[in-house]
Number of protein chains: 2
Amino acid sequence: MKRTCVNIAALCLAAMARAADSPQPPPNAWRDVDPNNLVLMDTKYGETVVELAPEFAPDHVERLRALIRAHFYDGLSFYRVIDGFVAQGGIGEGTASTRDHPKEAADLAKKWPPLKAEFDRPIAKDLTFTPLGNADLFAPEVGHVNGFPVGRDAKEGREWLVHCPGTFAFARDNGDNTATTEFYIVIGEAPRRLDRQLTAFGRVIDGMQYLQKLERGDQKVDNGVIRDVSKRDAIIRMRLASDLPEKERPGYQVIRTESEAFAEEKTNRRNPAPEFYHRKPSGILDICATPVPVRRASQ
Amino acid sequence: MKRTCVNIAALCLAAMARAADSPQPPPNAWRDVDPNNLVLMDTKYGETVVELAPEFAPDHVERLRALIRAHFYDGLSFYRVIDGFVAQGGIGEGTASTRDHPKEAADLAKKWPPLKAEFDRPIAKDLTFTPLGNADLFAPEVGHVNGFPVGRDAKEGREWLVHCPGTFAFARDNGDNTATTEFYIVIGEAPRRLDRQLTAFGRVIDGMQYLQKLERGDQKVDNGVIRDVSKRDAIIRMRLASDLPEKERPGYQVIRTESEAFAEEKTNRRNPAPEFYHRKPSGILDICATPVPVRRASQ
């Protein structure tokens, strides 16, 4: 009996997420994700899928594609994973120091030289920015461009991807122009203090739950780096969908954030089911707590 | 070589979370958690620890203690788990409907009658509220009381626990006064729209990463309820630390959020390491992205 549906418990979860009951957006409200921007990342827990935003950081996207095609990440690991913050992957830190491997370090620096930062970009006239429609704590304005959460400063004429759960970015050394190969993905409450301080250029559109299973480090010890190398979860492989035979490519669609359907989603979220939410809702949306619908179209 | 420390990668993570390097708060900045408010929840992934806030919802805390002491949750499961949102546990929904188990339902309703909602409370004069010090998107004012993130409305004279990652609350039916036994824990971006709509009365202070490993449901199907009962992760047992022999109780300490040490933590977070953060930081904190330090004192 314990696990069957009983009177009291059955409805306790009824209306907490009514969006799920809403009608599906019409076919023309969906955009196909370009397979050249679709990254498939395998860990032992499952496949995580990232969409890249070349319009925001073309050099970083080109670098990532080149790294993926060189099988750079295959067999490397998530070596710094801090619960509620980020999962960082790549070559990582081990027990031996740089001094022990000067040749390898020099070879790497030659092959993958530091990138010029792409923290933000001039406001694009050819991209549709759809304002969220309310204030934000961190940016003068926020909204969406092609499904990505974006901050804007009209006075400065700049825009940038904001750090939300699922944001994909490159780590760097202290210098702005020092990112090379190491990436991180936000797995916790939006660390908006990182906006425009690092180059963000993608977001997880599927399989976020697999990253949540990654072995964690302890932030208080070695700043979250997992010292026991054997405990780090491997990046089994990373692939670009466009490098797969067409038949094997997963097809993803993201809602057009400039569409009427997405506007309705936001309106529904601002005014959640009145039969459950009895206190007048604030009508405020948090850019990072406003899901942008994604669906897997085919395989 | 791949997993050892090389020149380029070694520093890429240097300064992203400098708080870890800060000096430890002095002994008098810590508060011992009352073992009568300390809940230990075992799943196969590890032990998750929740601190309860009886000052905000005394009836719900009493109910939870009674349920735990009756071994109510032992062997039940997390049956509704939505990535980026909540993990809900208790009796759950199964394949059989209420109509099939009228007697069990009636027995349960008799034993654990619906609770009066405790969504918020009059502003307490005997509790120290420490303002966060900047605006919030959802509440007129936010800050901390005894380590808990709190929202306040001075005009209404009310205060409440806000929904952050780790917030522990009771689910309910459509009626305000319908919570009985089912609980949820926030595992994703703060769902602040739930503030004052449900009764929140605790927060996870350790082992959040184990909840992140829980098997997920699909929000688009059955609103996140995992239909295949065999896939639901069990709540192996739930205990109150005060019910354990004194020697076996884990001891936890939470920073005093009214202390100078916590004020310094916040100041450091507002002004992160300038050698890494080159753009002038906003100086803004998000109440739910402001960690309240916890340490395990003894076992």
Side-chain angles (χ1 to χ4, degrees), chain A residues 1-15 17 20 76 80 83-84 88 90-94 96-98 101 104-105 108-109 137-138 165 171-174 176 180 182 189-190 193 196-197 208-209 212-213 216 219-220 223 229 275-279 281-282 284 286 288-289, chain B residues 1-15 17 20 76 80 83-84 88 90-94 96-98 101 104-105 108-109 137-138 165 171-174 176 180 182 189-190 193 196-197 208-209 212-213 216 219-220 223 229 275-279 281-282 284 286 288-289:
Chain A
M1 196 284 297
K2 272 186 171 172
R3 286 187 173 149
T4 57
C5 181
V6 291
N7 201 11
I8 306 176
L11 295 167
C12 289
L13 49 83
L76 295 181
R80 179 187 182 232
D83 191 71
Q88 185 164 324
I91 302 171
E93 290 206 334
S97 83
T98 311
H101 301 84
E104 287 87 341
L108 262 172
L137 283 180
F138 298 91
R172 62 168 170 83
D173 197 347
N174 277 344
D176 278 352
T180 56
E182 309 298 285
E189 184 75 7
R193 67 188 180 282
R196 303 177 88 187
Q197 306 273 8
M208 193 67 202
Q209 70 271 35
Q212 293 293 6
K213 287 177 191 274
R216 303 310 202 243
Q219 185 159 15
K220 292 174 208 149
N223 201 3
V229 171
E275 66 272 25
F276 184 79
Y277 293 84
H278 304 129
R279 182 180 300 277
S282 71
I284 297 287
D286 169 355
C288 288
Chain B
M1 196 283 297
K2 270 185 173 172
R3 286 185 174 151
T4 56
C5 179
V6 292
N7 202 11
I8 306 175
L11 296 167
C12 290
L13 49 84
L76 295 181
R80 179 186 180 232
D83 191 72
Q88 185 164 326
I91 304 172
E93 291 205 333
S97 84
T98 310
H101 302 83
E104 288 88 340
L108 263 171
L137 283 180
F138 298 91
R172 61 167 171 83
D173 197 347
N174 278 343
D176 279 352
T180 55
E182 309 298 286
E189 184 76 5
R193 67 188 180 283
R196 303 177 89 186
Q197 306 272 8
M208 193 69 202
Q209 70 272 32
Q212 293 294 6
K213 288 178 191 276
R216 306 307 204 244
Q219 186 160 14
K220 291 174 209 148
N223 201 5
V229 171
E275 66 271 24
F276 184 79
Y277 292 85
H278 304 128
R279 181 180 302 275
S282 71
I284 297 288
D286 168 356
C288 288

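Computed from a prediction, not measured in an experiment: that's the story for all the values here. In what follows, every chain begins at residue 1, and chains take the letters A, B, ... in the order their sequences are listed.
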Q: For the residue pair Phe138(A) and Arg193(A), establish whether any side-chain heavy-atom pair is separated by less than 4.5 Å.
A: no
Q | Over all atoms of both residues, closest heavy-atom pair of Asn174(A) and His278(B) | A | O-CE1, 2.6 Å
Q. Got Arg80(B) and Glu182(B) here, is their nearest side-chain heavy-atom distance under 4.5 Å?
A. no
Q) Considering only heavy atoms, which portion of Arg279(B) lies under 4.5 Å from any heavy atom of chain A: side chain, backbone, both, or neither? A) both
Q: Please determine, among Pro165(B), Pro281(B), Gly84(B), the option with the most heavy-atom pairs under 4.5 Å with chain A.
A: Pro165(B)
Q. With no hydrogens and no angle check, is any side-chain donor or acceptor of Glu189(B) less than 3.5 Å from a backbone partner on Ala190(A)?
A. yes
(Q) Taking side chain as everything from C-beta outward and backbone as N, CA, C, O, which of these in Gln197(B) sits under 4.5 Å from a heavy atom of chain A? Side chain, backbone, both or neither. (A) side chain
Q) Given a strict heavy-atom distance threshold of 4.5 Å, which part of Arg216(A) is in contact with chain B: side chain, backbone, both, or neither? A) side chain
